[in-house]
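Letters A, B, ... are given to chains in the order of the sequence lines, protein chains preceding strands, and every chain is numbered from 1.
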There are 2 protein chains.
Amino acid sequence: MTTPAEGQRQNYHHGDLMQALLAAGVDLAREGGPDAVVLREATRRVGVSPNAAYRHFADRDALLDAVSDAALAQLATAIDAHFDAIAPGDAETVARAHLRAVGTGYVAFAQDEPGLFRAAFFVPADLHNPGTAARSGPSGRSPFVLLADALDEFVACGIMPSARRPQAEFLAWSAVHGFALLVIDGPLRALPRGQADAVTQRVIDMVEAGLTAP
Amino acid sequence: MTTPAEGQRQNYHHGDLMQALLAAGVDLAREGGPDAVVLREATRRVGVSPNAAYRHFADRDALLDAVSDAALAQLATAIDAHFDAIAPGDAETVARAHLRAVGTGYVAFAQDEPGLFRAAFFVPADLHNPGTAARSGPSGRSPFVLLADALDEFVACGIMPSARRPQAEFLAWSAVHGFALLVIDGPLRALPRGQADAVTQRVIDMVEAGLTAP
DNA sequence: ACGATATGTTTACGCTGTCAACACTTGCAT
DNA sequence: ATGCAAGTGTTGACAGCGTAAACATATCGT
């Protein structure tokens with residue numbers, strides 16, 4: 001009975017305003033990217049006065065940060081799904097499939113949820129540490145860690161020299177991240193989804209070949 | 001005598017407000033990126049009333065578009081410099097050097113002028129057509145065209161199969177663009193310049209190897 | 001010389017983020 | 001149980017922003 005009925009909010013207190021504002025903020029980001037996450041509009045949607053937000057977020061940036069973390073978590077979940085869908089097989093095949101899954105999931109999320117994707121990278125915190133786990137998916141591994149794991153597999157099965165391993169995450173990430181941006185609001189934004197998907201695979205081809213080149 | 005002395009602006013008319021506002025806008029973008037391009041602040045710096053801007057720009061977005069074009073032109077100029085500094089030699093060496101020059105110049109500009117770089121891609125118009133040439137450097141070739149030229153050379157000297165040529169610009173561009181973003185406000189933003197430059201070269205290595213792989 | 005047009009100004013409105021002061025509710029200590 | 005402190009939501013206010021309408025002044029073509 002701690003959580004009252006959600007039907008009418010004639011209570012003076014809301015119950016879980018923090019969460020409600022975050023949800024509203026995520027909706028706003030989904031609809032229009034980080035710029036659309038407007039404090040007053042979020043409170044309006046929740047049905048509360050503008051300044052109520054300040055009891056839970058220091059300022060608009062704090063709300064946006066929380067939204068960004070939530071968006072990053074959704075990205076992680078989306079990638080997780082691709083990553084876990086890989087069928088078992090010999091190490092090299094699985095390693096290549098893992099890398100491809102991360103890239104494909106990354107770009108697919110950007111295409112499906114461009115607003116959230118932009119919000120996720122608006123204040124691009126460093127993704128090394130999962131940061132209160134708000135940024136990782138159900139597996140607890142952030143997209144960055146999934147990518148790192150895939151690359152470790154590359155080294156383990158001998159298709160990538162270990163000398164080239166350090167910082168290789170950033171090489172792969174650069175290509176996929178840049179491509180995602182080009183697709184969602186760059187010159188490739190007009191490309192039909194099918195064609196864009198084909199180019200996505202070529203981007204990953206390039207990364208794979210570039211990292212495993214002799 | 002059409003252009004009066006610039007000393008005092010006790011004239012009712014400004015002379016070249018359009019250009020002055022653009023310059024102020026570019027300064028603002030340089031200092032704080034696209035969000036810092038604020039109409040009222042630009043007019044304030046020029047010493048004119050806020051609404052004077054509306055005689056020359058339809059709205060704030062129009063000003064930002066003009067700033068974006070100017071920033072893109074500066075990017076083009078920076079890349080031109082790297083591109084033209086390539087010493088003559090055999091075709092393959094020159095081709096590889098050209099690709100490297102475009103990538104290096106691109107990232108260097110992002111590092112030297114992060115605000116302008118972000119502004120340049122804020123409303124990322126399609127870069128196929130040079131667009132009233134406001135977007136290209138002194139050579140008249142936009143960065144996109146310079147990249148395309150370099151890739152054409154790859155095909156011409158036989159290190160890249162022509163079947164792989166279509167849309168290869170976007171593969172190379174993705175990697176370099178994504179890396180630039182990771183460096184200026186992503187997780188690599190704390191990396192010392194020297195180390196970042198080393199990774200830049202590795203990104204280009206990856207692109208080169210990925211595009212020319214057997 | 002004079003009227004049309006271009007250019008800059010003033011005034012005003014609604015929107016935003018945010019501060020300060022106030023009101024209600026809850027929960028803990030007596 | 002009572003009463004006070006802390007937590008939470010509201011009201012009112014302010015400055016800054018983009019922008020529309022009405023007005024003022026300069027420039028130019030005839």
Specify the separation, in whole Å, of atom [atom1] of [X] and atom [atom2] of [N].
X: Leu64(A); N: dT16(C); atom1: CG; atom2: P; value: 16 Å
X: Arg55(A); N: dC24(C); atom1: CZ; atom2: P; value: 15 Å
X: Leu17(B); N: dT27(D); atom1: CG; atom2: P; value: 14 Å
X: Leu28(A); N: dT16(C); atom1: CG; atom2: P; value: 11 Å
X: Met18(A); N: dG7(D); atom1: CE; atom2: P; value: 15 Å
X: Phe57(B); N: dA6(C); atom1: CZ; atom2: P; value: 17 Å
X: Asp61(A); N: dT16(C); atom1: CG; atom2: P; value: 17 Å
X: Asp35(A); N: dG17(C); atom1: CG; atom2: P; value: 11 Å

Mind listing the N/O atom pairs, protein and nucleotides 14-18 of chain D, below 3.5 Å?
{"unit_1": "dC17(D)", "atom_1": "OP2", "unit_2": "Arg44(B)", "atom_2": "NH2", "d": "2.5"}
{"unit_1": "dG18(D)", "atom_1": "OP1", "unit_2": "Leu39(B)", "atom_2": "N", "d": "3.0"}
{"unit_1": "dG18(D)", "atom_1": "OP2", "unit_2": "Leu39(B)", "atom_2": "N", "d": "3.3"}
{"unit_1": "dG18(D)", "atom_1": "OP2", "unit_2": "Arg40(B)", "atom_2": "N", "d": "3.0"}
{"unit_1": "dG18(D)", "atom_1": "N7", "unit_2": "Arg40(B)", "atom_2": "NH1", "d": "2.5"}
{"unit_1": "dG18(D)", "atom_1": "O6", "unit_2": "Arg40(B)", "atom_2": "NH1", "d": "3.1"}

Test of understanding: with side chain to side chain donor-acceptor pair (under 3.5 Å), list the residues that count as partners of [X], not counting sequence neighbours.
X: Arg40(A); answer: none
X: Gln167(A); answer: none
X: Arg60(B); answer: none

Checking the side chain of Arg45(A) only, and the main-chain atoms of Asp27(A) only, is there a donor and an acceptor separated by less than 3.5 Å? no
Which residue pairs satisfy the ring pair (Phe, Tyr, Trp, His ring centres under 6.0 Å) criterion with at least one member in residues 21-67 of chain A, sequence neighbours excluded?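 Of all non-adjacent pairs touching residues 21-67 of chain A, none passes ring pair (Phe, Tyr, Trp, His ring centres under 6.0 Å).
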Under 4.0 Å between a side-chain N/O of His56(B) and OP1 or OP2 of dA6(C), yes or no? no
Does any pair with a residue in residues 167-182 of chain A pass salt bridge (charged side-chain N to carboxylate O under 4.0 Å, His left out), and if so which ones, sequence neighbours excluded? Arg165(A)-Glu169(A)
